[in-house]
2 protein chains.
Amino acid sequence: MSTSFTERTIEYDKLLADFKALLKEKALKFTNQREKILETLYYSQEHLTPEALHQLIKEKYPELNAGIATIYRTLSMLEDNNIVSSLSFGAQGKKYELGAKDHHDHMICTKCGEITEFVDDVIEDQQHKIAEKFGFKMQDHSMQIYGICKKCQDN
Amino acid sequence: MSTSFTERTIEYDKLLADFKALLKEKALKFTNQREKILETLYYSQEHLTPEALHQLIKEKYPELNAGIATIYRTLSMLEDNNIVSSLSFGAQGKKYELGAKDHHDHMICTKCGEITEFVDDVIEDQQHKIAEKFGFKMQDHSMQIYGICKKCQDN
DNA sequence: TATGGTTTGATAAACAGTCTCATTATCTCT
DNA sequence: AGAGATAATGAGACTGTTTATCAAACCATA
């Protein structure tokens, strides 16, 4: 089986350069806030809520005085440009992660909340086939497996 | 490919009897509101938001005078007991459907919000294999394909 | 049908996310 | 580097969804 963990597939410098190019292309401005948001997402191994990201940035760059609205605005912009992707959790909102990885799915432990990523070629293939069959123009897809992770089973 | 639509797998009378048994078992009461909520979910072919469900019930049973809080409370209770399941839409809330169907996945139009159900054996199989590989004890799984449906592509 | 615990509707409150707008920052052109 | 044009920002008001509170109504049981 081709299932495997995902890894960062891009250096931060390259990501930043691409981001700057994108901003220029769209006549958007490269601001301190946008840089720090991108950087914080890059160096975080976790899936972050906008609120959590806001906290991290306030701690690391208090002088920036970044507002929560800017976090939301920037995350939306990054998602529109496929730089980050989000996972929905119903009333509990969304969590964001840098999309500069291969597409992947999630396995979520219902006990400890840990999220494990994986990529599976068979599933990726099949999703395309299904969308095609229904005449659906696929934009995105997500799959979650819920259960108890190995660690929690042992405790 | 084995992809196909799903159908109701239970008669309403049986569902109602099961529901009454569950309530008794948990020392909960069988109320008019709970009955109408279950019934409305059963006879609706759609995935409903709590708000939409509330509207339907107000139209059909105005004398019930059902409050929105009761809709939320009952949906949570039904979900806890695996009688309904929900789909998340980020800030746009959740949509609920009766779980008394075979397991199935969802294809969601990001333009009109229409939800199409499907079952695919290849995907079901693969999910089990993946969970096994990671030593994960699978409890549930879900898959969503987001895109533009045929109807919306034509408009 | 009396009793006691449960459920209810109304409404207040919490919450996430969006919008507005005056101020500040960035970019471009010179 | 400076100026002008324009985009981005932070603060906080606002929206829509979901939850909590509580007195009154209801249901199951005896």
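Since this is a predicted model, take the numbers as computed values, not measurements. Just so we're on the same page: letters track the sequence lines, and every chain starts at 1.
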Has [X] got a side-chain N or O lying under 4.0 Å from the OP1 or OP2 atom of [N]?
X: B:T49; N: D:dT17; answer: no
X: A:N65; N: D:dA11; answer: yes
X: B:T31; N: C:dT8; answer: yes
X: B:Y72; N: D:dT18; answer: yes
X: A:Q33; N: D:dG10; answer: yes

For [X] and [N], what is the distance between atoms [atom1] and [atom2] respectively, to the nearest whole Å?
X: A:L28; N: C:dA25; atom1: CG; atom2: C1'; value: 14 Å
X: A:R34; N: D:dA7; atom1: CZ; atom2: P; value: 11 Å
X: A:N32; N: D:dT9; atom1: CG; atom2: C1'; value: 12 Å
X: A:E35; N: C:dC27; atom1: CD; atom2: P; value: 11 Å
X: A:E51; N: C:dA14; atom1: CD; atom2: P; value: 16 Å
X: A:D80; N: C:dT18; atom1: CG; atom2: P; value: 11 Å
X: B:K95; N: D:dT18; atom1: NZ; atom2: C1'; value: 17 Å
X: A:K24; N: D:dA7; atom1: NZ; atom2: P; value: 16 Å

Are B:I145 and B:T116 close enough that some pair of their side-chain heavy atoms sits under 4.5 Å apart?
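No, too far: nothing below the 4.5 Å cut-off.
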Does A:D105 reach the side chain of A:F118, with side-chain heavy atoms less than 4.5 Å apart?
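A:D105 reaches A:F118 side chain to side chain.
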Do B:E97 and B:H104 have a side chain donor and acceptor closer than 3.5 Å?
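Yes - a donor-acceptor pair under 3.5 Å links their side chains.
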Does a donor on one side chain sit under 3.5 Å from an acceptor on the other, for B:H128 and B:H141?
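No pair is found: no donor N or O on one side chain lies under 3.5 Å from an acceptor on the other.
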Using a strict cut-off of less than 4.0 Å between a Lys/Arg side-chain nitrogen and an Asp/Glu carboxylate oxygen, indicate whether A:K14 and A:D18 qualify as a salt bridge.
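A salt bridge is present here (some side-chain N lies under 4.0 Å from a carboxylate O).
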Among D:dA20, D:dA7, D:dG10, find the nucleotide with the atom closest to the side chain of B:A69.
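When the side chain of B:A69 is considered, D:dA20 is the closest of D:dA20, D:dA7, D:dG10.
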Minimum-distance nucleotide to A:R73 side chain [options: C:dC27, D:dG10, C:dA10]
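The nucleotide sitting nearest to the side chain is D:dG10.
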Side-chain donor or acceptor of A:K29 under 3.5 Å from a matching atom on the base of D:dT6?
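Yes, the side chain and the base share a sub-3.5 Å donor-acceptor pair.
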Starting at the 5' end of DNA chain C and moving along, which residue's nearest nucleotide shows up first, B:L23 or B:I68?
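Result: B:L23.
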